[in-house]
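Values below: all heavy atoms of this structure, side chains included; hydrogens, waters and symmetry mates excluded.
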Amino acid sequence: MALVMTKPVKVMIVEDYKLTRVGLKCALNNFEDIEVIQEAETAEEAIKLLEKEKPDVIIMDLGLPDMNGLEATVKINEEFNKKSENQDIKIIILTSHNREEEITASLGAGATGYCMKDIDPDTLAEVIKQVNKGACWLDPEVCKIALKQFPKPENTKLMYKQEKTDDKGHLTEREQEVLKLLVKGKSNTEIASDLIVSVHTAKAHVCSILQKLCVDDRVQAAVKAIKEGLVENE
């Protein structure tokens, strides 16, 4: 009986520190079922490389120059995954950041994995293979932070009788402010200016809102907010 040879998972590494890129590439290429086919120093370079050969999985750093990893994740999902029924590039965030805002924003942007940079190479290799098969993976260190996003029901007996969820109650006070500005059609830059925060922070809030409202884009979020009365009329 002939053995069936499986194709290795094709991986792209997007990381601005050369030493980290080289270390990751060397570590991952030690696994027969994983092949690092591309590496990029910036998100812009990574997106250009995707035009030539598309990997199965991208290892993405958050703190990239110019376009950060969060913006790149959104762009890749919108320009490659959504435009092709046969394309499904998985993105794993590999970072030293474990702040709640960044974890939530990354998942809302479409990342299917979130790992800390001190992860063991064997574990990272397994994460890559599982994510490639369709699984989602969160580093144990960030799981407790991510779980904070799920509200605790006041009465578990009534929870399953409730047909409509109170989406407004799931949003933080700041997210409700951002949602009001979204309804007004304001851009991330305008939102950042109005709330006196960075554009990166504004984008993170928007991504979190999209995730919590279970919508794909800003327009759908605004429509849902108006239709379900999630923002007060002014």
Does a side-chain heavy-atom distance below 4.5 Å link [X] with [Y]?
| X | Y | value |
| --- | --- | --- |
| I209 | L179 | yes |
| L62 | N68 | no |
| L28 | P121 | no |
| L94 | D61 | no |
| R218 | V206 | yes |
| I47 | I76 | yes |
| I92 | M60 | no |
| P55 | V11 | no |

For the pair [X] and [Y], find out whether any cationic side-chain nitrogen is under 4.0 Å from an anionic carboxylate oxygen.
| X | Y | value |
| --- | --- | --- |
| K48 | E45 | no |
| E78 | K75 | no |
| D56 | K90 | no |

Inset, instruction - Could you verify whether a donor N or O on one side chain and an acceptor N or O on the other, from E102 and H97, lie under 3.5 Å apart? - result: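 Yes, H97 and E102 have a side-chain donor paired with an acceptor closer than 3.5 Å.
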
Inset, instruction - Indicate yes or no for a side-chain donor-acceptor contact from K129 to the backbone of V9 under 3.5 Å, with no hydrogens or angles considered. - result: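 Absent.
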
Inset, instruction - Apply side chain to side chain contact (heavy atoms under 4.5 Å, CB included) to M12 and L49, showing your working. - result: CA-CA 9 Å; M12 171 192 280; L49 287 172; 3.8 Å; yes

Distance (rounded to the nearest 0.5 Å) between [X] [atom1] and [Y] [atom2]:
| X | Y | atom1 | atom2 | answer |
| --- | --- | --- | --- | --- |
| I59 | I91 | CD1 | CD1 | 10.5 Å |
| L213 | S208 | CG | OG | 9.0 Å |
| T123 | D139 | OG1 | CG | 9.0 Å |

Legend entry - Test side-chain hydrogen bond (donor to acceptor under 3.5 Å, both in side chains) applied to S198 - qualifying residues, sequence neighbours left out: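 Per chain and number, S198 pairs via side-chain hydrogen bond (donor to acceptor under 3.5 Å, both in side chains) with T201.
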
Inset, instruction - With sequence neighbours left out, write down each residue that passes side-chain hydrogen bond (donor to acceptor under 3.5 Å, both in side chains) with Q130, or none if nothing qualifies. - result: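 Scan of Q130 (side-chain hydrogen bond (donor to acceptor under 3.5 Å, both in side chains), adjacent residues dropped) gives E126.
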
For residues 13-21, please give each side-chain donor-acceptor pair under 3.5 Å, one per line with the distance, not counting sequence neighbours.
unit_1 : atom_1 : unit_2 : atom_2 : d
E15    : OE1    : K117   : NZ     : 2.9
E15    : OE2    : Y17    : N      : 2.9
R21    : NE     : E39    : OE1    : 3.3
R21    : NH1    : E15    : O      : 2.8

Legend entry - Whichever hydrophobic residues join I196 through chains of side-chain contacts under 4.5 Å: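 Once heavy-atom contacts under 4.5 Å are chained together, I196 still belongs with nothing else.
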
Inset, instruction - Linking directly or through intermediates, with side-chain heavy atoms under 4.5 Å: list the remaining ILVMFWY members grouped with I37, chain and number order. - result: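 Besides I37, the cluster holds no residue at all.
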
Legend entry - side chain to side chain donor-acceptor pair (under 3.5 Å) partners of residues 106-115, not counting sequence neighbours, each pair once: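 Not a single pair qualifies under side chain to side chain donor-acceptor pair (under 3.5 Å).
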
Inset, instruction - For atom CD of E53, decide whether the heavy atoms of other residues, nucleotides or ligands shown that lie under 6.0 angstrom number more than 12. - result: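 Counting other residues, nucleotides and ligands, CD of E53 exceeds 12 neighbours.
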
Inset, instruction - List the steps, then state whether side chain to side chain contact (heavy atoms under 4.5 Å, CB included) holds for M67 with T42. - result: CA-CA 8 Å; M67 183 190 300; T42 66; over 6 Å; no

